[in-house]
Every structure is written in C-alpha cells, then in structure tokens.
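Right, one structure below, let's go through it.
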Amino acid sequence: ICAFEYCSSLSSVTIPNSVTNIGETAFEYCSSLTSVTIPNSVTSIGWAAFSGCSSLKSVVIPNSVTSIGKYAFAGCSSLTSITIPNTVTDIGVGAFQYSALTSIIIPNGVTKIWGFAFYHCTSLKSVTLPNSITQIQRDAFRDCSTLTTVICEAIQVPDYQHNIFANIPFLEATLYVPEESLEDYKSA
C-alpha cells in the first residue's frame, strides 16, 4: 500500500514474479511513469494502484488477473491502450475514468462493469461489450463525448442503470446488438 505513491521521477517499473497483488495506491500519482510490466503472478490490481499516472501510455494486463480495482487507472491521461484478458470478471468503479483510451474491447469473461468505469474518457470512440456481460452500472460511459460505436454481443440485455451512456453524441452513435435480440434491446 502506497509503496511508490507520488514518486514523480519514477519512469518505469518491472514488478517481480513474487508479487501476487498490486496494492491500493501503490503507484498513485507517479506522473513520470511511462511503462509498467505486470507479471503473470499478479491476480488483482488494487484500488487506485496506478491512478494519476499521467504519462502511462499503454498497459497489458496478464492472464492471471481476475479483478481490476476501483480507480485502478483513473486519471491516466496519456493511457491510449489497454489489453484486458478474459480472466477478468469485473471492472471496478471508475477504473479507467479520465483516461485517453480510444477504443476498448471488454473480453468475454467480464460480467460486470461498475459505475463510472469509463467516465469522461473523451477520446473513446468505440466499445465492444462481450456476451458474458450481465450488468452495467450507472454512468459507466458517461461523458464519453466521441463515443459513436458500441457493439454489445450479449444475447440477453444486460441489467443496466440509468445514464450509462449520458452525454454521448446520440445522433451520430450506433449500437450494434445480436439480431435475435434486437426487439429486446429496443424494448429496453
């Protein structure tokens, strides 16, 4: 917890294979951190672990990780690319809010996207939601002002809370859903 928090001159990190959990706020506000190597021994990324790492550009999360904690990558304003493995089952509250992601493919395996997960990702243009998704909480994609393509592969309409897509360009946006579920999505 807070191991390297506010280390503003730290530019890269290789986490050893002996680490199984990246604790809460471990690298929070390491503003010069541009790269991080997360080993296959890590199973969870804790609350605000990389929050505010404004120089972090891309992250590959290994197949060993099952959960991405609250605000894990929030405020990573240079983060344009993230690879999430299909071992992850949920994406925490505000996990990627205020990041620079341009597109995101949520892998099959993720069942829940918590509130504000991608809030105010103003560079986000496309999102793919997997067949496994069962719940999307409030404001998950709110204020994603360039989001124009949403592909939802779920046959059953996910349980959703209001405002998940508030303040996106609805007149320019397209939601793609499975053909056999079209009427269910229209009703929802």
Main-chain N/O of L175 paired with Y185 side-chain donor or acceptor, under 3.5 Å: no
Is there side-chain contact between F118 and V127, with heavy atoms separated by less than 4.5 Å? no
Between S54 and C76 (side chain of the first, backbone of the second, donor and acceptor by atom type, cut-off under 3.5 Å), is there such a pair? no
Just by modelled atom types, is the S11 backbone N or O under 3.5 Å from a matching donor or acceptor in the T34 side chain? yes
Side-chain donor or acceptor of S35 paired with backbone N/O of S12 under 3.5 Å: no
Heavy-atom closest pair, residues P62 and P85: O-CG, 3.1 Å
Could you give the distance from CG (N40) to CG (N63), rounded to the nearest 0.5 Å? 6.5 Å
Any side-chain heavy atom of V60 sitting closer than 4.5 Å to one from I38? no
Could you state whether W114 and I84 fall into the same hydrophobic cluster, counting links through intermediate Ile, Leu, Val, Met, Phe, Trp or Tyr residues with side-chain heavy atoms under 4.5 angstrom apart? no
I'd like to know if the side chain of T80 reaches the main chain of A100, judged simply by a donor and an acceptor atom lying under 3.5 Å from each other, with no hydrogens or angles considered. no
Within the distance-only criterion (no hydrogens, no angle test), does the side chain of T134 pair as donor or acceptor with the backbone N or O of T111 below 3.5 angstrom? yes
For the residue pair G94 and A74, what are the closest heavy atoms and their distance? O-CB, 3.4 Å
Check whether I45 and V19 end up in the same hydrophobic cluster, where Ile, Leu, Val, Met, Phe, Trp and Tyr are linked by side-chain heavy atoms less than 4.5 Å apart. yes
Nearest heavy-atom pair of P169 and S145: which atoms, and what distance? CD-O, 3.4 Å
For the residue pair E28 and A48, what are the closest heavy atoms and their distance? CB-O, 3.7 Å
Just verifying a value: how many Å separate I91 CD1 and I104 CD1, rounded to the nearest 0.5 Å? 6.5 Å
Side chain S181, main chain Q156, donor-acceptor under 3.5 Å: no
For the backbone of T43 and the side chain of S64, can you confirm whether one donor and one acceptor N or O come within less than 3.5 Å of each other? no
Please name all residues satisfying ring-ring contact (aromatic ring centres under 6.0 Å, His included) with F165, sequence neighbours left out, ordered by chain then number. F141
Non-hydrogen side-chain atoms of H120 and Q97 separated by less than 4.5 Å: no
Using only atom types and a distance under 3.5 Å, with no angle test, would you say the side chain of S55 pairs donor to acceptor with the backbone of L33? no
Interatomic distance, CD1@I164 vs CZ@R142, rounded to 0.5 Å, equals 12.0 Å
Using 30° and 60° as the class limits, which term best fits the ring planes of F96 and F73: parallel, tilted or perpendicular? parallel
Does atom CZ (F170) have a neighbourhood of more than 12 heavy atoms from anything else shown, all under 6.0 Å? yes
Looking at V59 and V36, what are the two nearest heavy atoms and their distance? CG2-CG1, 4.3 Å
Single-linkage hydrophobic cluster, 4.5 Å side-chain cutoff, I105 and V150 together: no
For the CG atom of L101 and the NZ atom of K125, what is their distance to the nearest 0.5 Å? 11.5 Å
Donor-acceptor contact present, side-chain S132 to main-chain N108, <3.5 Å: no
Of all residues at least two apart in sequence or in a different chain, which pass the salt bridge (charged side-chain N to carboxylate O under 4.0 Å, His left out) check with E183? K186
Looking at CZ of R138 and CD1 of I136, how far apart are the two atoms once the value is rounded to the nearest 0.5 Å? 15.0 Å
Quick one: pull up CG in N86 and CD1 in I106 and give me the separation to the nearest 0.5 Å. 12.5 Å
Would you say that T146 contacts T122 through its side chain, given a criterion of any heavy-atom pair below 4.5 Å between the two side chains? no
